[in-house]
Amino acid sequence: MRGRFDIGIIGGGIIGMALARALAKRGAKVAVIDAGATIPAATNAAAGMLAPSFECGGATTQSLQHFSMASLAAWPTFAASLEEETGIEIDYQNNGILGVFYDDIEWSKARKTCENLRQRGSAVDVMTGEEARRIEPALSNKVIGAMHARQDGQVDPRKALIALRAGFAKTKGEAIAGRVVQVSREEGGYILETDQGDHIAASKIVLASGVAAKTALIPGLEPPPIFAVKGDAVALSIPDNLLRKVVRAPGAYLCPKAGRRLVIGASEAPYCEDLTVDQSATDGLVRNGTRAVPALRNVDVTERWAGLRPATPDGAPLLGRDPDGPEDVFLALGHYRNGVLLAPESAEVLAEELIGSGAVRSATMEAFRPDRFRQIQQARQCRV
Ligand code: GLY
């Protein structure tokens with residue numbers, strides 16, 4: 001037996017590691033079992049935008065918008081304490097995101113979105129192309145208008161994950177490399193067996209393994225309704241200070257990182273699990289990025305990659321226990337386009353659910369309950 005733990009988290013991406021941190025802070029002994037060597041975390045493929053005004057301002061639920069805003073508000077403390085604890089800079093910035101538009105139709109849609117967002121408490125401004133170029137002089141003259149979300153921002157997700165892992169290494173918990181191949185019930189908990197031959201005992205289990213969770217081997221748990229949405233992305237080496245903030249243009253978002261690195265994302269290929277980089281998709285991103293920032297015409301591509309976003313049918317995460325599933329098995333899955341943004345708040349609400357007083361089930365946990373799709377189906381069947 002490798003060890004006995006209060007909680008075993010399957011999946012060591014940003015969601016699993018942020019949760020491990022929140023649980024360890026509450027005194028729990030946590031094991032994180034990560035198959036990263038064979039299934040790379042979506043976190044490493046993400047660009048790291050913290051963009052509720054753009055990603056969650058449209059057709060998604062109000063609960064997701066509230067949750068996203070709460071998590072955005074949690075990021076400054078989360079980032080500062082993580083950097084202080086580990087001495088690792090994660091390049092967190094809350095200097096705003098600029099959405100840019102080339103035509104009147106898109107621009108007038110953006111103005112409406114802006115009004116809605118303001119009513120929900122987002123700090124967003126609309127501005128002309130000229131005003132946007134005063135903020136980001138490298139923007140093309142073809143930009144006729146922009147939406148500036150003043151409080152949105154970004155972080156370097158790869159660095160954040162390294163810092164979370166370094167912070168976790170200082171707790172009494174253990175990070176275990178391997179893919180869970182069997183889960184069995186035992187008195188007071190579960191035994192997780194990995195493909196490396198480790199056996200880990202845990203009183204409670206959390207599934208935080210992204211797309212891989214759809215084939216989770218937990219007895220009595222229905223396969224979570226997760227599917228992959230592949231994203232290709234690209235990095236360029238840019239001149240110093242070409243851009244200061246994230247720019248979202250039609251067909252590309254541009255995230256300037258430390259070290260003159262510009263990440264441009266990302267394609268969306270639903271149900272595709274092939275991690276081969278799509279050359280034409282990444283070429284398209286560079287083309288769309290160059291349309292917004294013409295100076296990119298002459299810069300070098302330094303990296304191309306692909307990752308799998310774990311999506312759900314309604315675009316919102318699955319958090320908590322499936323009421324029809326086994327006792328003491330919890331889900332932290334399906335963060336789709338917002339895993340990085342939602343990590344701090346997901347970790348807090350789940351940690352409370354797992355080892356808090358449990359007296360009050362939060363509205364968040366209720367909104368994102370893993371059985372909600374089954375509930376809708378059952379309600380429809382009753383009406384027929
Ligand atoms: N959050 C941006 C993306 O998933 O591409």
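We count ligands from 1, going down the list as the structure has it; atoms in each ligand are counted the same way. As a basis for the values below, the full set of heavy atoms in this structure was taken, side chains included, without hydrogen atoms, waters or symmetry mates.
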Query raised in the report: Parallel, tilted or perpendicular: which fits the ring planes of Y92 and W75, with parallel below 30° and perpendicular above 60°?
Result: parallel

Query raised in the report: With a cutoff of under 4.5 Å between side-chain heavy atoms, which Ile, Leu, Val, Met, Phe, Trp and Tyr residues group with I238?
Result: L98, V100, Y102, M127, I135, L139, V143, V234, L236, L242, L243, V247, L254, L262, I264, L285, V286, V293, L296, V299, V301

Requested in this report: Would you please write out the protein residues whose heavy atoms approach any atom of ligand 1 to under 4.0 angstrom, listed by chain and number?
Outcome: M49, E55, Y253, A266, R309, R337

Report summary line: Students should find that the hydrophobic cluster of I162, defined by side-chain heavy atoms under 4.5 Å apart, otherwise consists of I88

**Report entry** From D328, L331, V183, residue fulfilling side-chain contact (heavy atoms from CB on, under 4.5 Å) relative to I205
**Finding:** V183

Query raised in the report: Does the pair R304 and T282 meet the rule for a side-chain hydrogen bond (donor to acceptor under 3.5 Å, both in side chains), with working shown?
Result: CA-CA 7 Å; R304 295 175 199 255; T282 51; 2.7 Å; yes

**Report entry** Qualifying residues under side-chain contact (heavy atoms from CB on, under 4.5 Å), relative to S203, sequence neighbours excluded
**Finding:** none

